[in-house]
S.K.: 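There's a structure below that I have some questions on.
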Amino acid sequence: MRRTGVAVIGCGAISKLHFDSIVNTPDTELIYAVDINEKRAKDAASAYGCGFHTDYREVLNDPAVHAVHLCTPHYLHCQMALDAMEKGKHVLTEKPMAISPEDAERMIRKSEETGLTLGVCFQNRYNATSVKIREALDSGRAGSILGAKASVTWNRDEGYYKADSWRGTWEMEGGGVLINQAIHTLDLLQWFAGDAVSVRGSCFKSLLENVIEVEDSAQAIIKFDSGVNALFQATNCYCVNSPVSIEIICTNATINLDGSLTIRYNDGKTECFTDDNPITGEKSYWGYSHKLLIQDFYDCIHTGRKFTLDGHEGIKALKIVKAIYKSSDTGQWVTLS
Ligand SMILES: NC(=O)c1ccc[n+]([C@@H]2O[C@H](COP(=O)([O-])OP(=O)(O)OC[C@H]3O[C@@H](n4cnc5c(N)ncnc54)[C@H](O)[C@@H]3O)[C@@H](O)[C@H]2O)c1
């Protein structure tokens, strides 16, 4: 089988997990580390034994590169993905896939026109606890969902925002805690509860009001097409990065993820699953399921199987985020298209 040549674009904080995963994925070959910051590109290239470049467009002209990973600031994902697919490369983009649903739709259209795989890095769907929740719901054992709530209480301080100029801005980050940190949990919620149909939410700045343009905290009620309503809360102003908490009340069970997963069935049976890496905002956590997602992405490319976490899936949480922003601005319910 032809080995798939890969370039990682953006050699910042998250890139190490992509590099580590690529070099441990069968039939893939890391070709380039790319960053406008030459030192970062060179350092990654020497750590992982590949070439380096500072201009991603040059890399897209290399026929040895068949796929690119986008580990760059949010506002760059759309243009980079379009350029890459135009040049015949598969794309795995970090979340959020874009800073607007319109841009995300352009990426989806390009992927459909070209037949290239467009994947979105919502790695928490691959966590053992997420898979167990889906099993309990899909098998019918938990019954149907009556309601849900989720909260993300993490810590991102002034130092975090001041370290990189793109963070904390509408133009480059596209929002605050919702689009960057809580989007993972919104993705899980809708993966469990069904497609979101409308939201009512409010966003605000609190402890970081003199540091960032965007929201540091938000709350919302989300209505899903299954008839389920969920309460959602997120902040970057907590003192630590607590495990994400998700509770799902079902007709036959209560599902509780809070570091570990407990499913209490109404007949008295209880199942517990510990996750070695609960969903927190710690950097040590990020890598837990990247490797699983990346190996699945390449297995799909190599076998022709469809990669499930494609643009159509990746856009869903982004649409919820943008709907909460709109609802916060207008003070009205916002219907998702
Ligand atoms: N899935 C997760 O759990 C997770 C965790 C952290 C970050 N992320 C995502 O990863 C992405 C990157 O985040 P980060 O924290 O690594 O950011 P970062 O700022 O640490 O790194 C971004 C890198 O991109 C480089 N860059 C900027 N413009 C470029 C260009 N035109 N060409 C090439 N390189 C360019 C920068 O020099 C920088 O090294 C974001 O989308 C973020 O949301 C995902």
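Atoms within each ligand, like the ligands themselves, are counted from 1 in listed order. Not measured: the values here are computed from a predicted model.
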S.K.: I need the nearest protein heavy-atom contact for atom 3 (O) of ligand 1: residue, atom name and distance, please.
M.R.: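 That would be Gln123 NE2, 2.8 Å.
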S.K.: Which atoms of ligand 1 have any heavy atom of Pro73 under 4.0 Å away?
M.R.: 22 (C), 24 (O), 27 (C)
S.K.: Search all heavy atoms of Phe192 against all heavy atoms of Ser130 and return the closest pair with its distance.
M.R.: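 Looks like CE2-O, 3.7 Å.
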S.K.: Among Glu173, Met172, Arg57, His184, which one puts a heavy atom closest to atom 2 (C) of ligand 1?
M.R.: His184
S.K.: Which of the listed options, Ile36, Leu293, Leu17, holds the heavy atom that is closest to atom 34 (N) of ligand 1?
M.R.: Ile36
S.K.: Could you tell me if the side chain of Ile9 sits less than 4.5 Å from the side chain of Leu70, heavy atoms only?
M.R.: yes
S.K.: Which atoms of ligand 1 are found less than 4.0 Å from any heavy atom of His77?
M.R.: 41 (O)
S.K.: Yes or no: does Phe122 have any heavy atom under 4.0 Å from an atom of ligand 1?
M.R.: no
S.K.: Any idea which part of Asn180 is under 4.0 Å from ligand 1, heavy-atom wise: side chain, backbone, both or neither?
M.R.: side chain
S.K.: Anything under 30° is parallel, anything over 60° is perpendicular, the rest tilted; go ahead and classify His69 against Tyr298.
M.R.: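 Ring orientation, 0 to 90° scale: parallel.
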S.K.: Can you sort out which atoms of ligand 1 are near His290, meaning under 4.0 Å from one of its heavy atoms?
M.R.: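 Checking each atom against His290, I get 1 (N), 2 (C), 3 (O).
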S.K.: Is it possible for you to say whether Ile221 and Phe224 belong to one hydrophobic cluster, with membership spreading through side-chain heavy-atom contacts below 4.5 Å?
M.R.: no
S.K.: Is a side-chain N or O of Glu173 found less than 3.5 angstrom from the main chain of Gly168, in a donor-acceptor match?
M.R.: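 It does hold such a pair.
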S.K.: Of the side chain and backbone of Ala13, name the one, both, or neither that has a heavy atom under 4.0 Å from an atom of ligand 1.
M.R.: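 The answer is both, backbone and side chain.
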S.K.: In the structure I gave you, are the side-chain heavy atoms of Leu92 and His90 within less than 4.5 Å of one another anywhere?
M.R.: no
S.K.: Can you list every side chain to side chain donor-acceptor pair (under 3.5 Å) pair that touches residues 156-167, not counting sequence neighbours?
M.R.: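 Listed once each, the pairs are Arg156-Asn241, Glu158-Lys162, Tyr160-Arg167, Tyr160-Gln181, Tyr161-Asn236, Asp164-Arg167.
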S.K.: Under 3.5 Å between some N or O of ligand 1 and some N or O of Ile14?
M.R.: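 Min N/O separation from ligand 1 is below 3.5 Å for Ile14.
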S.K.: Write out the residue and atom name of the closest protein heavy atom to atom 37 (O) of ligand 1, then the distance separating them to 0.1 Å.
M.R.: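 Answer for atom 37 (O) of ligand 1: Asp35 OD1, 2.6 Å.
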S.K.: Given Lys39, His74, Arg40, which one has a non-hydrogen atom that is nearest to atom 43 (O) of ligand 1?
M.R.: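 Shortest heavy-atom distance from atom 43 (O) of ligand 1: His74.
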S.K.: Within the supplied structure, the quantity of interest is the number of heavy atoms (other residues, nucleotides, ligands) at a distance under 6.0 Å from Tyr126 OH; does it exceed 12?
M.R.: yes
S.K.: Among all protein non-hydrogen atoms, which one is nearest to atom 21 (O) of ligand 1, and what is the separation to 0.1 Å?
M.R.: Gly12 CA, 3.3 Å
S.K.: Atoms of ligand 1 less than 4.0 Å from Asp164 heavy atoms?
M.R.: 19 (O)
S.K.: Specify side chain, backbone, both or neither for Thr54, according to which of its non-hydrogen atoms lie closer than 4.0 Å to ligand 1.
M.R.: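 The answer is neither; Thr54 stays 4.0 Å or more away.
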S.K.: My understanding is that we take every heavy atom of each candidate and find the minimum distance to atom 13 (O) of ligand 1. Doing that for Tyr160, Tyr56, Trp166, which one comes out nearest?
M.R.: Trp166
S.K.: With atom 32 (N) of ligand 1 as the reference point, say which of Lys283, Met80, Arg167 has the nearest heavy atom.
M.R.: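 Residue with the shortest heavy-atom distance to the ligand atom: Met80.
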S.K.: Would Ser15 count as a polar contact of ligand 1, with the cut-off being nitrogen or oxygen pairs under 3.5 Å?
M.R.: no
S.K.: Counting non-hydrogen protein atoms only, what is the nearest one to atom 22 (C) of ligand 1? Give residue, atom name and distance.
M.R.: Cys71 O, 3.5 Å
S.K.: For Leu178, which of Leu318, Ile320, Val214, Ile324 qualifies under side-chain contact (heavy atoms from CB on, under 4.5 Å)?
M.R.: Ile324
S.K.: When you measure from the side chain of Asn127 to the backbone N and O of Thr129, does any donor-acceptor pair fall under 3.5 Å?
M.R.: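 Checking the backbone N and O of Thr129 against the side chain of Asn127, no donor-acceptor pair under 3.5 Å is found.
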S.K.: Do the two ring centres, one from Trp170 and one from Tyr325, sit under 6.0 Å apart?
M.R.: yes
S.K.: Answer with side chain, backbone, both or neither: which part of Thr72 has a heavy atom less than 4.0 angstrom from an atom of ligand 1?
M.R.: both
S.K.: Consider only side-chain N and O atoms of Lys205 and Asn210, and report whether a donor and an acceptor are under 3.5 Å apart.
M.R.: no
S.K.: Can you check which of His69, Glu94, Gln181, Met97 brings a heavy atom nearest to atom 44 (C) of ligand 1?
M.R.: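 The residue whose heavy atom sits nearest atom 44 (C) of ligand 1 is Glu94.
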S.K.: Of Asp43, Asp35, Asn37, which meets side chain to side chain donor-acceptor pair (under 3.5 Å) against Lys39?
M.R.: Asp43
